[in-house]
Amino acid sequence: MSLENLLDHAKQTSALSQVAGLISWDQETMMPKKGNASRAEQSGAIAAVIHGRNADPRIADWMEGVDRTTLSEFDQRNVAEIERSHRRATRVPERLARELAVAASAGQTTWVEARADKDFSKFKPALKRNIDLKKEAAACLIEDGQSAYDVLLDEFEPGARTQELSDLLESLRPALVSLRQRISEKPAPKRFIGAFGKAAQLALAEKIAAAMGYDFDAGRLDLAAHPFSSGSVNDARITTRVDEKDPLNCLYSTIHEVGHALYTQGGTDEFLPAADYCSMGVHESQSRFWENQIGRSRQFADWLYPELKSAFGEFGLNSPDDVYTAVNRVETDFIRTEADEVHYNLHILLRFSLERDLISGALAVDDLEEAWNTQFKADFGLDVPDPSLGVLQDVHWSAGLFGYFPTYSLGNIYSACLDQAMREDIPDRDTLIEKADCASTLQWMRDKIHSKGRVLQAPELIERATGKPPSAQPLIDYLERKFSGLYNL
């Protein structure tokens, strides 16, 4: 009976969390501008209720009544995750949980306005508020041997430690810098040229999503300032954005978010914690795999080229080879979400370094824009022209998502490990992708990743899926092989 009570309580709490996700989705996509203040209060109210449920003293009593030696692996993880949430909730006061939710909601609204105005000063107070609250929360949760940033990182990548992650990500830098330097000496590929109407872009984005296996009866596609995916097994929603001069922004943002949504739709239960996604690094492995290993493959270009012709007419490229080189164009630029595979992880290393310093106190918010611009110049060789292309380009800090950025690079590392193993299991995958036949690819991910939930921590999940511990080497090998071929290095 204790286990039944524990799981019923967890299911209801999960349902409320999904309600919180839905009103956040609405805020980013459809909510009237005047709803911002009330939405912040609504978000705070739901956060307070969820916090109260996670801190419910009955949870401790129910856990004492559970004989864990008799539980399945799945229910052992359910109990462990409930215990983890209970421990965090009892240490973080309800007042603070509510303030965090209100600050995140208000911060996102302020960020949108500051980004549109290209004025970092308008965002500073909201950012300072988010940082102060996150540091206060970390202080409530910190364990012996942890830093404040370790605590925040654990929210997205359970069990990860800052130094270990830093060492792993930094191991990419020499190979990336070498590859970038060699490519910079080569002629640049052709670009897409023309006008690309909004309706045509969205229609093609929907067609690509369906070909990948996205279930529109369990989701929908909308527009947002910063593309994202959210929801649950039977309601996994995606967003994208449109630039009528560049269809790749819409198409590849959509592919990325579909990768997330396929993971969500492939889950086994909407409400139990052990059935939730494993970690954000694993979630990002799914979006980056579909975006890069599939969506930017030579084989996918064979299918995509005639679809582009049908949607847009002439667009400056004359063959699938041209499309393949264009979608893999390596070019130093400002925007992370539009960065090529060679530069992308350098963007993450920049943000990872800055947010660690913000949380530790080594960097003040007042100095953040200058620090960003200085480090960007050192890493990329470009002067940032305005904050919308620099410190204001990402939504994460406005929402208080400190510790999230490094999971993107973890996703790249994991996706390369999974790709390597999948190629051994599905030797004809490339031939299938030429026809946009993604069924066997999706099923492999369903079997190895999506259906496994959160029973294992990320490194063990990847090792079981691939037969090898995760490392950066498969990603380095993949990038070297791909771009050496593209640029005749």
Side-chain angles (χ1 to χ4, degrees), residues 36-37 40 43-44 92 95-96 98-142 146-153 155-156 162-163 165-166 169-170 225-226 333-337 339 346-408:
N36 287 328
S43 297
V92 175
R95 180 270 312 166
L96 179 54
R98 177 184 174 84
E99 289 181 4
L100 283 162
V102 171
S105 180
Q108 289 175 76
T109 300
T110 303
W111 167 76
V112 170
E113 295 172 353
R115 184 171 179 264
D117 293 341
K118 302 179 180 181
D119 186 352
F120 179 61
S121 67
K122 292 184 177 180
F123 180 54
K124 282 183 183 180
L127 180 57
K128 289 177 180 178
R129 178 66 172 158
N130 271 334
I131 291 172
D132 288 344
L133 290 171
K134 296 302 286 190
K135 288 167 73 171
E136 184 180 352
C140 295
L141 298 168
I142 200 163
Q146 279 189 314
S147 67
Y149 192 81
D150 285 337
V151 174
L152 302 181
L153 179 62
E155 184 176 348
F156 305 105
T162 305
Q163 190 57 56
L165 185 55
S166 179
L169 300 192
E170 284 290 345
H226 188 108
D333 207 348
F334 300 101
I335 303 298
R336 172 187 63 85
T337 56
L346 294 174
H347 281 274
I348 297 305
L349 286 168
L350 166 66
R351 290 154 177 76
F352 183 32
S353 173
L354 292 175
E355 71 175 18
R356 278 181 298 168
D357 287 347
L358 286 170
I359 297 301
S360 72
L363 177 64
V365 169
D366 287 339
D367 300 324
L368 175 60
E369 184 175 14
E370 181 181 355
W372 177 294
N373 294 346
T374 299
Q375 190 60 50
F376 194 89
K377 176 73 171 180
D379 287 347
F380 295 87
L382 297 176
D383 292 312
V384 178
D386 68 67
S388 71
L389 296 174
V391 70
L392 285 175
Q393 70 177 267
D394 292 302
V395 69
H396 302 63
W397 292 339
S398 73
L401 299 178
F402 295 91
Y404 193 126
F405 275 124
T407 67
Y408 287 118

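Residue indices begin at 1 and follow the sequence shown.
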Nearest heavy-atom neighbours spanning Ser105 and Ala40: OG-CA, 3.4 Å
Evaluate whether atom CD of Glu370 has more than 12 neighbouring non-hydrogen atoms of other residues, nucleotides or ligands under 6.0 angstrom away. no
Can you name the closest pair of heavy atoms from Thr162 and Tyr149 and give their distance? OG1-CD2, 3.3 Å
Which atom of Ser166 lies closest to which atom of Arg356, heavy atoms considered: OG-NH1, 3.6 Å
Answer whether the closest heavy-atom distance between the side chains of Val112 and Thr109 falls below 4.5 Å. no
Evaluate the ring planes of Tyr408 and Phe405, with Trp represented by its six-membered ring, and classify them as parallel (under 30°), tilted (30 to 60°) or perpendicular (over 60°). tilted
Tightest non-hydrogen contact, residues Ile142 and Ala139, listed as CG2-O, 3.8 Å
Using the side chain to side chain contact (heavy atoms under 4.5 Å, CB included) rule, take Phe334 and His347 through it: C-alpha gap first, then chi angles, then the decisive distance, then the call. CA-CA 9 Å; Phe334 300 101; His347 281 274; 5.8 Å; no
Could you state the interatomic distance from CD (Glu113) to CG (Leu392), rounded to the nearest 0.5 Å? 12.0 Å
Is a donor on one side and an acceptor on the other found under 3.5 Å between the side chain of Glu155 and the backbone of Val151? no
From CG (Leu141) to CD (Glu136), nearest 0.5 Å: 11.0 Å
Using every non-hydrogen atom in the two residues, find where Cys140 and Leu96 come nearest and quote the distance to one decimal. SG-CD2, 4.3 Å
Check: Trp372 and Pro387 side chains under 4.5 Å, non-hydrogen atoms: no
To the nearest 0.5 Å, what is the distance between CG (Leu358) and CG (Asn130)? 11.5 Å
Donor-acceptor contacts, no H, no angles, side chain residues 122-129, under 3.5 Å, sequence neighbours left out:
from: Lys122; atom 1: NZ; to: Asp117; atom 2: OD2; distance (Å): 2.6
from: Lys128; atom 1: NZ; to: Asp366; atom 2: OD1; distance (Å): 3.1
from: Arg129; atom 1: NH2; to: Glu99; atom 2: OE1; distance (Å): 3.2

Just say parallel, tilted or perpendicular for the rings of Tyr404 and Phe156, cut-offs at 30° and 60°. tilted
Nearest 0.5 Å, please: how far is CD1 in Ile335 from CD in Gln393? 4.0 Å
Phe402 side, atom CZ; Ile131 side, atom CD1 - distance, nearest 0.5 Å: 4.0 Å
Reported CG-to-CG distance for the pair Leu368 and Asp357, which is rounded to 0.5 angstrom: 10.0 Å
In chain order, what residues pass the side-chain hydrogen bond (donor to acceptor under 3.5 Å, both in side chains) check against Trp397, with sequence neighbours excluded? Glu355
Do Phe380 and Gln375 touch side chain to side chain, with heavy atoms closer than 4.5 Å? no
Nearest heavy-atom pair of Gly44 and Val102: which atoms, and what distance? CA-CG2, 3.8 Å
